[in-house]
Structures are given as structure tokens and as C-alpha cells.
Amino acid sequence: MASKAKTYRLESEIDKCRVECNWKKALELAKQGALKSTDLASVVNLLQSEATLEEYIEIHDPTNEENVLTARQALCEANEMLRQIASSSSQFKEQALLLLAKLQFCQGFYQVCLTTLEPVDLTAIALRESEGNSFKNTRMLYMVAESFAIKGKCLEKTKSSLKTKFKLSERDDEIITCYEIAGDLAFLCLQQRDKRPNTPQSMSPSSDSNNFIVTSLIEMAIKQVPAMHLKRGDEVKCINRYREMLRAVESRFAHDIRKTLALELAQLLLRSCSNSSYKPIDLLARGLNLKAPKPCVYSSEKLFIPKTLDEEVLLLLLIAEAVATREAVLERNEETHELTLTNITAIYDLLALVLVKRAQFGRLTESFEKAMRFSFQEFHIWYQFANSLISSSKYAQALPVLTECHRLAPQNWCVCLQAAQLCYEHLQLNQQGVEWSQTAIKCKVPKHQSARAHMALGIGLCLVAKDSRLNAERQKLNQQALDAFILAHELDPQDYLAAFHLALQYANLRKINIAIDYTKKSLELRSDFIHSLHLLTLLLSARKQHEEAMTLIQAALEEYPDNLSLLMTKAKLEKVVLGPEEALSTYQKMLRIWKDMHEQDVADDGSDSKSKARDKSTWDKRSLAQITLNEFSERGSGSIRAESYAASRMEKALSDLASSMNSSFQPRVGPQRSWVIQAQIWLNLAELYLSLNQVQEAQSCVQETFQLFPHSVYVFFMRGLVYEHKGCLSEAKTCYENAVSVNPTHTKSLYHLGIVLHKLGDNRLAEKTLRDAVNLDPCFHKAWFVLGTVLEATCQPEDASHCHLMGTNLESTCPVAPFNVIQRVMT
């Protein structure tokens, strides 16, 4: 009895070694037992052959036909031993036949392999070995799974002898059945392996259980079923098979397979399904092979079941991402790590596709943040991360990421221009933007790309010039910008943007005729470009062709009916052509458009996922209405958003101080850009009311703006304008001084402060203030006229005459709104 117990324990140890794919140890144990028990003597040859075969397969992929000749040479001895066992009456005959068939498959003898498997009832063995929870049956179950995969592949290799379509179809059904059973048994086997006790030895990295891998035969069988369904044009069965396999209870040995299946199903759903044709998961659907054992599947009332196409695709990609990121972090092998990163790149590209469609930029950014742990030198992932940050409006964080992208790809001019655009349009780092543009120029790129780089340089120089306090420096920078725009246009004469910026620069230099020529050139290249249409309108008004300008802007508004920037210019044109009363209806329309935009903004801002569906018309309306606030900003007219970064910080500091000292003032909830636009409309409307001598209405408009931005430069300015209109010069002077204290470059405040000081009799200070105004904006003709009047009062007739002449010349080319209201765009 003791001898039998020892033999049983030894057999159990051998079985465990086979389950763990520790072939050498299993063979050593069998040889040791053979010396003591004749019952174990017959298993030595079987294990010897199995070890030879499995160790060969670990190195040579049996599904690759290039390895056939190598197998015929390397497996001769194993072949003979297995034949002897298979032809005997040994208790290991079944296992010998399965291993022999596997060996013959490796050697490319497909028909012989089928003949070997013919007397073996694989289904019966699978049912027998899958009963109960005995761990010793796991190896046999896995062998049966591989045998089904081998049978399917052999049937596929030998089907060329079939002549009729009916027989070919029957053969395909049989192949699919074999592959499907192989996959199901493999999942069941892996689930059984997970039931083994987690001893400290088995959990250690050096444990022999880590020898186990899912063989290429099983991987081939799992992938072939959906591939064959897809080849036959049956996408529904293909999708259902993917879903069935993914519903199998998770196993730590099947993570990589699950990642691959999830990624492939996500790609298939995106490629073949639409929202209308999508069919949700049916939890009752199972495979056709109900006689064969099935793996355990997740089944619970608490399961999350995707209801839409986007939900299922997103769920699949998140599963794939979770597995792939874990593998990338743990994997140290360079070759495998590169393959893992390739898969991860595909996953993140699809995630970007799905999440961007649903405007979930924040969630996408979180995914890329996790990817940074293993993407040190991966340009594509870093670049996608930068784009996701930009889409999430995290511009300050995006710039360092783009800097890293430039380090990884120094010749990528697009990265440089994107960084320059961030500096210009969002971060007010104009000098840094100029440096990025110069870096882009140095990249070795084709002419049309170099043209865009020079255009970006010109834009940066214009912005730096605008912030400059010295007139000589400003003129120098503007000339350099003009040279950059000219070169950009010469490098790519077909670029409408280069022509537009060249026209805008000539317009700012008051070379109206040349500016009109280049604007028309830009419109020839792209007739619907809104900024060129706007610029041409202002150029016509500068020529005093106000009726033609009105006709053009009305035509532009037919194309872009909700564009607030165009509507603002239209209102100013209406004030000149038709009178101030006519402009009121345009401002009322602007407020209605703002209300619609604001409600949509609040709805989006209140949604955690921002996943509400937006139709194209809604997006078009908002993209055209919410033009970047530079279009409302001008040095001569003032702005809610101060022209300089220092001034904007001053405004914010004052607002924070007000909210801390006065609990009754709290910033409005919702997107700030929306409140800024509303404030700008109110203040322009207040200016219109003053021109109609409706002081009370103007005060109401200013009060509305004060509730939004109590310490804005423009609020101080408009309050001063109201006081000046009422004749309260001392109060007006205080308001204008407050405005200049917050933003010393606000030329309209300086201009009106000069007028008030002149009226109060302080001509010396008025002269100094007005000279500051014309130094900041040499094209401000009204300031030149008033400066001339002040100089006359101080007995400086020659200088006064020069100032009046400057004012007259500038007035002849003055548009209804400054050219600077048009944004300098890069794309």
C-alpha cells in the first residue's frame, strides 16, 4: 500500500510538471520512478518524446511552413517513440496519438495527421477531462484543444482537393467548428489553471509555473474563427464570436489574448457598424458547439452591458489599454517592448478617434498621462498627448510636451509651428513664439511648408511690435514682419493665408490699395475665408466706400449668419451709413446669439463627460460665433481682455481682491469666454447709446458689464465716457486715470484723458498724455487732432499744424473699426 501511495504521489508530481510545462523535471521524476516501479517505466518514452516536441515548438512556430524541413530532421527520434506507444496497448496510447498528430503537423504531413486523429474521439475526451476540478486533467484538456486546432488547420490545408462549392462550404463549417472548440477548451483550461492554489512558490517570479505560455496553435485557432466568418461575409457571426470569447471569465494567462481580441473587435465595429445598424450584445447567445465543454462566462445582474456602438467600442479599448499598459511597464525585453508599444499606439489612436468624437478630451488626456510611464522615446505618443492637452484647453501643460516632441523629432516643422501657435494665441508668449517660428524655418522642408514657417514668424513679429512701447522699435519689427510675409507669399503664391497676412500688414501700414489687391488674391484662392471677407470690408470702409462695404458684409453674413465679429462691424457700418438707430437691431441680434451660445456652453460645462451628441449645425454655429476674442480687442478701442499679459494679470488680481473683500461679488458660473463676449457687446452698445444721447441706457449697459468684470479697463473707460458726456469732468478724469493705471497702453483712455485735461485747463499734462497715445498708436487720427488743438493752446503752431496734417491724412484711410480687430490666424 505504501508503494502504491508513493507511485500515486509521483504520478501527481509528474502531472503538475506537465501542466506547468516543466518538461525536464517531469522526465527526471519519471526516470527516478521507473527505477522503483514498473508502472512508471512506460511513461518515460512518452515524456521523452513530449519534452523533445514541446521544446522544439517553443523555438519553432509550428504554424509557419518554413519550419517543416527543420521539424522532419529534428523530430525523427520522437516520431519513432510515439509510433511505438501509439501502436501498443499502453494506457498512454491516447496521449501518444495526440502528440504524434501534433508532431506530424509540425513536419507538414497534414493528411497523415488527420488519419492519426481519426480513431480518437476528441469530444469525448474533452467531456471526460473537463469534469470535476481535478488539476491533473488540465494538461490533457490542453492537448485536446491543440488537437482540435491541428485538425482544423489540416482540414484547411487539404481542402484544395475538393471540387464543388457545397463541399467547400461543408469543409469550412467543419474547420470553424474545430477552431471554435479548440478556443473554448483553451479558455476552459486556462480558467482551471487559475484555480490552482497560490502558494508562495508558485507566485514567485522564478516559479516553474511561469514556464506556461499559450501556444501559437491555440492563438491561431482563436483568431481564425472570426477571420473565417469575416471572409465568408458574415459579420454578425464574426462579432458574436468575438463577444463570446471576451465574455469568458478572466484568466491571468489570457491577458494578451483578451487585449488582441478587444482591439480587433473594436476595429471591426468601427469599420463595419453604424449607430443605426449596431446590434447590442445578446447575453443568451452562445456558440453552435453545445456538445463540447464551454468556458465559464461572466453572468450577473450587475454586469455593464453596452447599449450603443460608442459605448462598446470605448469599453473594448479601455480593456485593451489596461492590459497593454501593464505589459509595457513590466516588459523589459527590447524586442517585445517594441511590439507592445506598436499595439499600444494602435489602441491609443482608436481611443483618440472615439473620445474626440464624443468631445471627451479630458478622459483622453488621462489615458496619455498613463502612457508616459513607458513612452520615453516614443514621439507618436508624446505628440498625441500634446494634441489631447491642447484639445482640453490645457495650453500651459501642452507647451512643455511639444518641447519634448521637438527634442525627439528636431526636423518636424509641424511641432514647431504648433508650439508657436500656442504661444501666440493662448499663452501670450510672443517672443517665445517667434523663436519657435525661427526654429521651424531652420528645418529642412519643402517650399510650401517653409512659407508657413515664415508666415508664423511674421505673425509673431507683429504681436511683439504691438506690445512694444518704443515707436522706432515698433516700426522696425513691423518692417521685418512685412518682409517675412512677402517671402512667405513668394515661396507659396497659392497659399491664401500668406496673401491674407500680407494684405493685413499692408492695411496696418495704411497702404490701402496694395492691401486690397492682396486681399482679393486671398479670396481668389479661397473665396469663403471669413477673415479675408472681413478685411476687405474694412478696407472698403477705409476708402470711404461704405455702401460697397455694407453690401459685402451682408453677403458675408449670409454665409456666416451668427458670426459676432462680422455683426459688430456691420453695426458700426450701419451707424455710419444708416444712423445709430439702425445699429440697435444688430446689437439685439448679437445678444440673442450670445444667449443661445451661452446656454449650450453651460449645458456642456455641466456635463461630466461632455458626451452629448452635437449635430453639425450646432458645432458650425458655435465655431463661427465664438471667434477668438482678439477680434474684439484693439489698442484703440480697449478690450475686456487686456492687450498685454501684465495688464490682464492686473485685472485678475483686482477681481480676486474684490471678491475677497466683498462677499456680494462672486464671479459668474459657466465658461468665462462666454461672459467676456457678453460684456463686449454691452459696452459697444453703451457707446452707441451715448451717440444717441441716451445716457440712462448707456449707464445700464455699463452697469451690466460691471456686474461681470468690475475692474476691467473697459468698464473704467466707459464710466469715464458717461461722466464726460454728462459734463462731470472730474469724475471722468478719475475713471480714465483708473483705466490707465490698470493698462497704461489703453489708447482710448489716454485720448479721452487728454481731452478732459485740456478742458480742465491742464494743457501740459494733456499734451504729455496725448503724445503717449499717438506713440502707442501712430494711426489714431483723433488723438492727433486733439494733440494739435492742445499744442495750439500752448503756442506751438508749427507742431500743431503737423499734428493736424497727420490727423487729416490718417482720417482719409481710417476704417470703421481698426484693422487689428481681425485675428492673425495660423490655420
Side-chain angles (χ1 to χ4, degrees), residues 15 18-19 21 46 49-50 53-54 57 62-63 79 82-83 85-107 109-132 134-159 170-193 214-225 228 241 244-245 248 286-296:
D15 286 334
R18 294 179 69 195
V19 168
C21 302
L46 178 71
S49 306
E50 183 180 40
L53 176 59
E54 297 297 341
I57 288 176
T63 61
N79 186 17
L82 288 173
R83 282 184 180 278
I85 300 171
S87 60
S88 69
S89 57
S90 170
Q91 60 175 326
F92 301 108
K93 180 176 181 178
E94 263 184 357
Q95 296 188 42
L97 285 171
L98 297 184
L99 291 172
L100 180 59
K102 187 175 180 179
L103 185 148
Q104 291 165 345
F105 175 80
C106 293
Q107 293 179 332
F109 300 124
Y110 305 118
Q111 191 59 56
V112 176
C113 177
L114 288 173
T115 304
T116 302
L117 288 173
E118 190 173 345
V120 183
D121 190 346
L122 295 174
T123 304
I125 299 174
L127 290 170
R128 183 189 73 207
E129 299 297 336
S130 61
E131 291 178 354
S134 178
F135 301 122
K136 70 177 183 179
N137 298 330
T138 308
R139 172 57 186 165
M140 189 64 178
L141 191 63
Y142 197 80
M143 289 171 63
V144 174
E146 285 188 320
S147 297
F148 271 112
I150 290 168
K151 183 178 179 181
K153 192 66 176 177
C154 290
L155 289 171
E156 191 175 353
K157 291 286 186 181
T158 57
K159 73 175 184 178
E170 276 191 332
R171 176 61 66 87
D172 284 342
D173 289 338
E174 188 178 0
I175 293 168
I176 289 174
T177 301
C178 289
Y179 285 149
E180 188 170 329
I181 296 175
D184 289 343
L185 291 177
F187 282 120
L188 181 59
C189 178
L190 297 177
Q191 290 169 357
Q192 284 191 359
R193 282 187 57 81
V214 179
T215 60
S216 58
L217 288 168
I218 295 299
E219 288 186 352
M220 176 268 300
I222 290 171
K223 294 177 182 178
Q224 279 295 96
V225 177
M228 291 186 70
R241 179 57 184 170
E244 185 179 359
M245 290 189 289
R286 297 299 301 267
L288 298 175
N289 308 298
L290 300 179
K291 293 182 180 179
K294 286 283 186 180
C296 300

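Everything numeric here is computed off the predicted structure, so don't read it as measured data. Quick note: residue numbers are just sequence positions, from 1.
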I'd like to know whether Gln111 forms a side chain to side chain contact (heavy atoms under 4.5 Å, CB included) with Leu114, so could you lay out the CA-CA distance, the side-chain angles of the two residues, the decisive distance to 0.1 Å, and finally the verdict.
CA-CA 5 Å; Gln111 191 59 56; Leu114 288 173; 4.2 Å; yes

Going through the checks in order, is the side chain to side chain contact (heavy atoms under 4.5 Å, CB included) test met by Lys153 and Thr63?
CA-CA 9 Å; Lys153 192 66 176 177; Thr63 61; 5.5 Å; no

Check against side chain to side chain contact (heavy atoms under 4.5 Å, CB included), Tyr142 and Ile218:
CA-CA 9 Å; Tyr142 197 80; Ile218 295 299; 3.5 Å; yes

Can you check side chain to side chain contact (heavy atoms under 4.5 Å, CB included) on Val144 and Thr123, steps first, answer last?
CA-CA 8 Å; Val144 174; Thr123 304; over 6 Å; no

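Counting heavy atoms from C-beta on, the side chains of Leu217 and Phe105 come closer than 4.5 Å. Side-chain contact between Leu100 and Ile85 is absent, with no heavy-atom pair separated by less than 4.5 Å. At a threshold of 4.5 Å between non-hydrogen side-chain atoms, the residues Asp184 and Pro293 do not count as touching. Side chains of Gln107 and Asn79 form a contact here, defined as non-hydrogen atoms less than 4.5 Å apart. When side chains are defined from C-beta on, Arg139 does not count as touching Gln95, because their heavy atoms never get closer than 4.5 Å. Using a 4.5 Å heavy-atom cutoff, the side chains of Leu117 and Leu98 are in contact.
In this view, Lys159 and Asp172 satisfy the side-chain hydrogen bond (donor to acceptor under 3.5 Å, both in side chains) rule, not counting sequence neighbours. Not counting sequence neighbours, Phe187 has no partner by the ring pair (Phe, Tyr, Trp, His ring centres under 6.0 Å) test. For Glu156, the side-chain hydrogen bond (donor to acceptor under 3.5 Å, both in side chains) criterion is met by Tyr179, not counting sequence neighbours.
Atoms CG and CD1, from Leu188 and Ile181 in turn, are 12.5 Å apart once rounded to the nearest 0.5 Å. Within the model, atoms CG of Leu46 and CG of Leu82 stand 6.5 Å from one another, a figure rounded to the nearest 0.5 Å. Separation of atoms CG (Leu103) and SG (Cys113) is listed at 9.5 Å; rounding is to 0.5 Å. Separation of atoms NZ (Lys151) and CG (Leu122) is listed at 6.0 Å; rounding is to 0.5 Å.
Between Ile150 and Ala101, the shortest heavy-atom distance links the atoms CG2-O, 4.3 Å. Minimum interatomic distance between Ala126 and Leu141 (heavy atoms only, all atoms of both residues): O-CD1, 3.9 Å. Minimum heavy-atom separation, Lys93 to Ala86: CE-O, 2.9 Å. Closest approach of Thr138 and Cys189 over heavy atoms only: CG2-SG, 3.2 Å. What you find for Met228 and Ile175 is that their closest heavy atoms are SD-CG2, 3.6 Å. Between Leu53 and Leu99, the shortest heavy-atom distance links the atoms CD2-O, 3.6 Å.
A salt bridge is absent between Lys102 and Glu50; no separation between the charged side-chain nitrogens and carboxylate oxygens falls under 4.0 Å. Ion pair Arg128/Glu94 flagged as a salt bridge, since at least one NZ, NE, NH1 or NH2 atom sits closer than 4.0 Å to an Asp/Glu carboxylate oxygen. Using a cutoff of 4.0 Å between basic side-chain nitrogens and carboxylate oxygens, Glu180 and Lys223 are not scored as salt-bridged. Ion pairing of Glu244 with Lys294 is present here, as a side-chain N (NZ or NE/NH1/NH2) and a carboxylate O approach within less than 4.0 Å.
Counting heavy-atom neighbours within 6.0 Å of Glu118 CD, excluding the residue itself, gives a total of 12 or less.
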